[in-house]
There are 2 protein chains.
Amino acid sequence: MATIKDVAHKAGLSVTTVSRYLNNHPYISDEKKEKIRDAMEELDYVPSSLATQLRSNRGTMIGVLVSRLTNPYFAYLVDAIEKKAKQQGYRLLIMQTYGDKQEEINTLEMLKEKTISGLIMCAVENDLETVESYAKYGAIAVSTQTDYKSDRLRLITTNQEQATYDAINFLIRKGYTGIAYSTGGDFTDQSHGSYRNKGYLRALEESDIKLNERWIFKNNHTIEDGMEIAVQLSRLNEKDRPDAIFAGSDEVAIGIIRKFEQLNIRVPADIAVMGFDNQPFSSLAKIPLTTVGQPMETLGQQAASLIISMIEGTEFAIDESQLKLKIIERESA
Amino acid sequence: MATIKDVAHKAGLSVTTVSRYLNNHPYISDEKKEKIRDAMEELDYVPSSLATQLRSNRGTMIGVLVSRLTNPYFAYLVDAIEKKAKQQGYRLLIMQTYGDKQEEINTLEMLKEKTISGLIMCAVENDLETVESYAKYGAIAVSTQTDYKSDRLRLITTNQEQATYDAINFLIRKGYTGIAYSTGGDFTDQSHGSYRNKGYLRALEESDIKLNERWIFKNNHTIEDGMEIAVQLSRLNEKDRPDAIFAGSDEVAIGIIRKFEQLNIRVPADIAVMGFDNQPFSSLAKIPLTTVGQPMETLGQQAASLIISMIEGTEFAIDESQLKLKIIERESA
DNA sequence: TTGAAAGCGCTAACAG
DNA sequence: CTGTTAGCGCTTTCAA
């Protein structure tokens with residue numbers, strides 16, 4: 001591979017001048033520019049981004065950390081980030097944690113290695129104190145709802161609490177009053193999904209609906225989990241049964257509906273089912289799912305813009321108004 | 001950030017020794033090892049991967065090129081590649097082409113930049129001659145079925161021709177004889193999907209079924225395309241109608257089925273529908289899809305192992321037996 | 001407007 | 001077993 005030296009030699013100039021050309025410095029005569037261009041062309045020269053980064057101490061690689069790429073939520077997020085990043089001349093290094101804290105740490109360590117100049121964490125496993133301790137090595141943006149305040153870390157938040165509140169109210173307005181609830185966490189304040197729990201609780205409270213502990217289902221993620229919930233629900237006494245369930249995820253919702261079908265429980269006539277995420281398959285289901293859609297596209301775009309601004313030391317204000325979740329009404333509720 | 005120099009200084013040793021330690025060279029006394037370890041610990045030292053790569057001329061980054069990450073086929077592929085790569089100490093740089101030839105070239109150029117030491121092309125837009133011309137700059141593995149022979153380029157092939165042949169025979173054995181066919185390409189030999197076309201044609205021929213041009217649908221990709229196909233099929237005279245259609249993609253299949261439902265055409269009773277890909281939603285559909293499953297997991301693993309072996313100059317033999325597509329029978333056919 | 005020279009952080013002969 | 005030294009390919013003073 002040709003180096004800057006070869007180009008300089010062939011053009012009869014110094015490497016300095018060639019370097020200047022590469023970086024669009026002023027003060028190069030057009031004549032030399034021409035020569036350099038020709039030499040580069042002839043040698044099929046491409047600057048080594050490695051050397052550039054090492055010397056100039058500014059990288060062009062952005063890390064993106066997700067739980068699993070096969071989860072469409074993350075796939076769409078990464079898709080949006082990739083488009084925006086490419087457009088601004090940045091590359092993406094993708095890592096998956098699969099929910100593992102240590103993997104997350106390993107990725108954060110790449111900031112020290114200078115492999116990446118910034119990291120977008122689309123999900124977070126460790127506590128934010130730990131994450132923040134890496135902020136001195138590079139830019140970090142985290143997508144999560146939290147009360148944690150920090151000026152080294154930028155947070156890019158969607159309002160899960162509000163979305164859940166809205167969703168439950170949507171059900172209430174539709175006349176449902178017995179609203180069961182499924183969560184991926186354990187329904188405590190520290191668990192995953194705690195902000196959604198708050199939204200659920202707040203909506204019930206405002207409508208003077210008493211919480212029924214037996215209608216709370218914890219640690220559910222998969223279609224199978226959903227089917228199990230449906231079984232449990234079906235075992236309840238007719239009058240002890242909720243008339244709706246907020247499933248917390250589209251997978252779980254699909255599982256519930258599928259099992260209900262086998263049990264001859266009609267959706268939404270007997271029990272309405274509401275999902276969360278608006279997965280691609282949700283509109284394709286046998287009973288198209290009423291669900292909550294997340295703004296993956298704008299979330300990804302803004303995350304990319306944010307991290308780039310942090311890397312480059314410019315300002316970027318997140319536009320919260322673009323980051324709203326919205327209820328997507330179809331047939332299951 | 002601490003450098004190797006700082007570590008050497010603090011440990012009272014030369015950078016060479018520290019470098020040796022970093023690279024697990026023999027000939028270092030345990031005593032010094034200890035010192036180095038301590039110094040690194042204290043300084044929170046992490047080697048700059050940039051400098052290492054520049055100097056040693058061996059990188060640790062693998063490029064992965066896909067059409068769109070939001071296509072589950074690619075998401076699952078990348079997922080598998082990521083796992084395998086991580087396990088071997090490599091990182092993934094992801095690029096999307098969105099079907100654009102120039103984007104593919106841009107990605108190939110990264111081989112020259114030394115940004116990546118190898119590239120896995122999960123799909124290919126340009127002709128293989130062009131791709132091959134980049135092979136001198138780094139390892140390239142391409143996943144595509146082709147007759148193109150090359151020793152600079154490694155191909156990792158699934159047998160689309162055979163899978164389609166098998167699928168059509170599956171339909172034939174089920175008693176269907178009028179088998180329509182939809183393709184993403186234009187049904188010519190050069191287009192996307194030409195190997196599938198061959199499989200279709202071969203199966204028909206072997207069963208002495210004459211090709212009916214009016215049952216060939218070209219350039220279809222989306223659910224909407226599928227719905228349009230269904231409309232056209234419904235307009236055919238009852239006796240001119242096929243009794244099955246091989247849709248070429250699950251999306252198209254879903255579209256066809258959905259429209260058929262509106263038109264009161266029963267699936268599979270009136271017309272059987274077969275998809276391709278086994279997308280995650282395919283089993284979830286109203287009428288669970290009979291389709292062809294691709295071995296994304298092993299394909300991804302083998303692609304990763306292959307490119308790593310190429311980068312490291314070792315041998316790796318692709319295990320074709322693991323790369324078989326298989327028919328997944330559900331209800332639509 | 002141009003060039004010489006000194007590194008960025010690391011590795012790899014070569015010499016002890 | 002350990003250190004000296006010369007770069008990898010590029011950018012950036014400094015001086016001309």
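A quick note: this is a predicted structure, and the numbers were derived from the prediction, not measured. Just the heavy atoms: all of them, side chains too, but no hydrogens, waters or symmetry mates, feed the values below. Chain letters run A, B, ... following the sequence lines, proteins first and then strands; every chain starts at 1.
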**Request:** Answer yes if the side chains of B:Tyr148 and B:Glu132 hold a donor-acceptor pair under 3.5 Å, and no otherwise.
**Result:** yes

**Fill in**
Side-chain atoms of A:Thr16 come closest, of C:dA4, D:dC8, C:dC8, to C:dA4

**Message:** Between B:Asn126 and B:Lys101 (side chain of the first, backbone of the second, donor and acceptor by atom type, cut-off under 3.5 Å), is there such a pair?
**Reply:** yes

**Request:** Ignoring backbone atoms, test whether B:Ser56 places a side-chain nitrogen or oxygen under 4.0 Å from the OP1 or OP2 oxygen of D:dC8.
**Result:** no

**Message:** Quick check for you: among C:dG3, D:dG3, C:dC10, whose closest atom lies nearest to any side-chain atom of B:Ile4?
**Reply:** C:dC10

**Prompt:** Toward the 5' end of DNA chain D, which comes first, B:Arg55 or A:Val18, by nearest nucleotide?
**Reply:** B:Arg55

**Asked** So what does A:Leu54 hit on the nucleic acid, given a heavy-atom distance under 4.0 Å: a base, only sugar-phosphate, or nothing?
**Response** base

**Any side-chain donor near an acceptor of the partner, A:Thr97 and A:Asp100, under 3.5 Å** = no

**Base C:dG3 to side chain A:Arg20, donor-acceptor N/O within 3.5 Å cut-off** = yes

**Request:** Can you tell me the distance, in whole Å, between the NZ atom of A:Lys114 and the P atom of D:dC10?
**Result:** 20 Å

**Request:** Please state how far atom OH in A:Tyr21 lies from atom P in C:dG3, giving the value in whole angstrom units.
**Result:** 16 Å

**Message:** Taking atom CD as the centre, does B:Gln102 end up with more than 12 heavy-atom neighbours from other residues, nucleotides or ligands that are less than 6.0 angstrom away?
**Reply:** yes

**Message:** Please check: side-chain N/O of B:Gln322 versus main-chain N/O of B:Thr298, any donor-acceptor pairing under 3.5 Å?
**Reply:** no

**Request:** Whole angstrom is fine here: how far is it from CG in B:Asp6 over to P in C:dG9?
**Result:** 8 Å

**Item:** Spacing between B:Leu13 atom CG and D:dG3 atom C1', to the nearest angstrom
**Value:** 10 Å

**Message:** Just N and O in the side chain of B:Asn23: are any of them under 4.0 Å from OP1 or OP2 of C:dT11?
**Reply:** yes

**Prompt:** Counting only non-hydrogen atoms, which of residues 38-53 of chain B are less than 4.0 Å from DNA chain D?
**Reply:** none

**Item:** N/O (side chain, B:Ser14) to phosphate O (OP1/OP2, D:dG3) under 4.0 Å
**Value:** yes

**Asked** Would you say the side-chain atoms of A:His221 pair up with the backbone N or O of A:Gly184, donor to acceptor, closer than 3.5 Å?
**Response** yes

**Message:** For C:dT1 and A:Lys32 - does any side-chain N or O of the residue sit under 4.0 Å from the phosphate oxygens OP1/OP2?
**Reply:** no

**Asked** How close or far is atom P of C:dC10 from atom CG of A:Asn57, stated in whole angstroms?
**Response** 12 Å

**Item:** Atom-pair distance (CZ on B:Arg58; P on C:dT11), nearest Å
**Value:** 8 Å

**Request:** Give a yes or no answer on whether the side chain of A:Ser150 reaches the backbone of A:Arg152 with a donor-acceptor pair at less than 3.5 Å.
**Result:** yes

**Distance in angstrom units between A:Met1 CE and D:dG9 P, rounded** = 10 Å

**Request:** Give a yes/no answer on whether the side chain of B:Thr3 brings an N or O atom under 4.0 Å of OP1 or OP2 in C:dG9.
**Result:** no

Let me have the donor-acceptor pairs involving side chains of residues 24-37 of chain B, under 3.5 Å, with sequence neighbours excluded, atom names and distances please.
| residue | atom | partner | partner atom | Å |
| --- | --- | --- | --- | --- |
| B:Ser29 | OG | B:Lys32 | N | 3.4 |
| B:Arg37 | NH1 | B:Tyr21 | OH | 3.4 |

**Gap between atoms OH and C1', on B:Tyr27 and C:dA15 respectively (whole Å)** = 16 Å

**Prompt:** Using a cut-off of less than 4.0 Å, is there contact between a side-chain N or O of B:Thr17 and OP1 or OP2 of D:dG3?
**Reply:** yes

